[in-house]
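Heads up, the thing below is written out as structure tokens.
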There are 2 protein chains.
Amino acid sequence: MARPPLSKERVLRAAVALADDIGIEALSMRKLAQELGVVPMALYKHVTNKDELLDGMVDVIMAQIDPPAVGTDWKSAVRQRILSARQALLRHRWASQVIESRAAPTPAVMDYLDSMIGLFRTGGLSVDLTHHVMHAMGSRILGFSQELFDDSGPANPEEQAAAMSAMAQRYPYITEMAIAASHTDESVVGSGCDDQFEFEFALDILLDGIARLHRAAMAG
Amino acid sequence: MARPPLSKERVLRAAVALADDIGIEALSMRKLAQELGVVPMALYKHVTNKDELLDGMVDVIMAQIDPPAVGTDWKSAVRQRILSARQALLRHRWASQVIESRAAPTPAVMDYLDSMIGLFRTGGLSVDLTHHVMHAMGSRILGFSQELFDDSGPANPEEQAAAMSAMAQRYPYITEMAIAASHTDESVVGSGCDDQFEFEFALDILLDGIARLHRAAMAG
DNA sequence: ACCTGAACACCGTTCAAGT
DNA sequence: ACCTGAACACCGTTCAAGT
């Protein structure tokens, strides 16, 4: 019966499996501990609290998404990657909900968004168009809503500058887009994007596409 | 200090206000009771449990959506209605999450979907195209995911027939679409729609729209 | 130093005792 | 018949007592 020693990885894998089994709303620290044959407090050696557990579970799921294809046009690369993400999220139906419920996006989610933006940018799309497109993707296409950024924290300027350059290192495309958006926008405060505009942009792509298909159906 | 007597409506309005204030995850029956100056068990006279409270809160929000415009083309009518729904959901940021978390869509949500489908159908779009379009709307555009139907319950045939005709009375457009989808589909079981197809349909409208805008930007 | 049982401050909801 | 306090079966997490 001697179980392998507890590790963060084993805790996270068990949590993912348990959430698949009993649903995310029924997942509790106590039940997870029981599943691992361990006293509840033992979990706190590997995750500082339940929020960190949920973050870790998200990262397990994100790791299942295939890396972007190389040597294809942007459209197929984006298409493949999104369909791969979809498979990962379908395997764990609670995943989208948990991703959206996190206070801040996890690094793995940031990586996914950054590399997705990178596919459009290296494909030649402008920063602005890419920005709109990322919004337009919406939660159904991207697998989760991209309204993940808090942009509320008014930390001191030094901290902010340090955070920004760390950010630029790690997530170059997200940073590029954030800078472009904040320059474009009149208001200096806030996330620097006009969400109403973004919403209507997505809506109109869809409505125009639908109208086009409708006309084609009438003509055919 | 004499508060007006408790009623379902007053309970629901207080719950909506409290959720706006403290967030949906912090909303509890006990806190809601305290807010209303009432013992926790008093709430159970007006809602049978917390799930029914959440359903009721959803209906309060749905009631804030403007009815469809009359005498305009389908495209503007759809556009206006969606933007109105967006305003209602933005006023209560927890609303989308709660709508998606419900086991079954509430009648008010069904009404919204049915009248949205009605706008496309009376605008002349085919049942099939309308079906794809509703899927394509995605949660960002529609305000919440439309994957709301359980389609698991294999009730007895009589019950099912009775449920179907009640459904057709109340939600004519939803019913029409459901019937068309189940005829089109090879597999008789299940919801009768190929979700992978629907996902790719939405994805391709978006990608084609993006490619078109990109070409226009290059040419201009 | 590490581990863990008991305890604390919460939940939603049942149930029996009070009016 | 109605109302409600206490109780039950849960939570996540703190903390002090045990090794």
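So that the names make sense, note that chain A is the first sequence line, chain B the second, and so on, each numbered from 1. Every value quoted in this text rests on a predicted model; they were computed, and no experiment measured them. Only this structure's heavy atoms are used, side chains among them; waters, hydrogens and symmetry mates stay out.
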Could you check L207(B) against W74(A) for side chain to side chain contact (heavy atoms under 4.5 Å, CB included), going step by step and ending with a plain yes or no? CA-CA 10 Å; L207(B) 290 176; W74(A) 65 265; 4.3 Å; yes
Apply side chain to side chain contact (heavy atoms under 4.5 Å, CB included) to residues L32(B) and V38(B) and explain how you reach the verdict. CA-CA 9 Å; L32(B) 177 57; V38(B) 132; over 6 Å; no
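With rounding to the nearest 0.5 angstrom, the OG atom of S115(A) is 8.5 Å from the CD1 atom of I65(A). Between D111(A) atom CG and T106(A) atom OG1 the span is 8.0 Å, to the nearest 0.5 Å.
One finds a salt bridge joining R13(B) and E9(B) here, because a Lys/Arg side-chain nitrogen approaches an Asp/Glu carboxylate oxygen to under 4.0 Å.
Separation of the C1' atoms belonging to dT14(C) and dG12(D) is 23 Å when rounded to the nearest angstrom.
A side-chain contact (heavy atoms from CB on, under 4.5 Å) with M57(A) holds for exactly one of I24(A), V47(A), V98(A); it is I24(A).
Residues satisfying the side-chain hydrogen bond (donor to acceptor under 3.5 Å, both in side chains) criterion with R79(B), sequence neighbours excluded, are E200(A), D204(A).
Heavy-atom distances under 4.0 Å link DNA chain C to no residue of residues 52-59 of chain B. Of all the residues in residues 15-23 of chain B, not one reaches under 4.0 Å from DNA chain D with any non-hydrogen atom.
Of the possible polar contacts, none joining the R81(A) side chain to the A69(A) backbone as a donor-acceptor pair under 3.5 Å is found. Using a distance-only test at 3.5 Å, with no hydrogens or angles considered, a donor-acceptor pair links the side chain of T122(B) to the main chain of G118(B). In terms of modelled atom types and a separation under 3.5 Å, the side chain of R121(A) and the main chain of L125(A) share a donor-acceptor contact.
Where pairing requires Watson-Crick or G-U contacts shorter than 3.5 Å, the helical stems of DNA chain D with at least three consecutive pairs are C:4-8 with D:12-16, C:12-16 with D:4-8.
Residue pairs meeting the salt bridge (charged side-chain N to carboxylate O under 4.0 Å, His left out) criterion with at least one member in residues 48-60 of chain A, sequence neighbours excluded: K8(A)-E52(A), D51(A)-R102(A), D55(A)-R102(A).
Contact check for F120(B) versus L129(B): no side-chain heavy atoms found under the 4.5 Å cut-off.
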Do nucleotides 2-15 of chain C as a string where each nucleotide becomes B, S or -: B if the base has a protein heavy atom under 4.0 Å, S if just the sugar-phosphate does, - if no protein is that close. -SBB-B---BBBBB
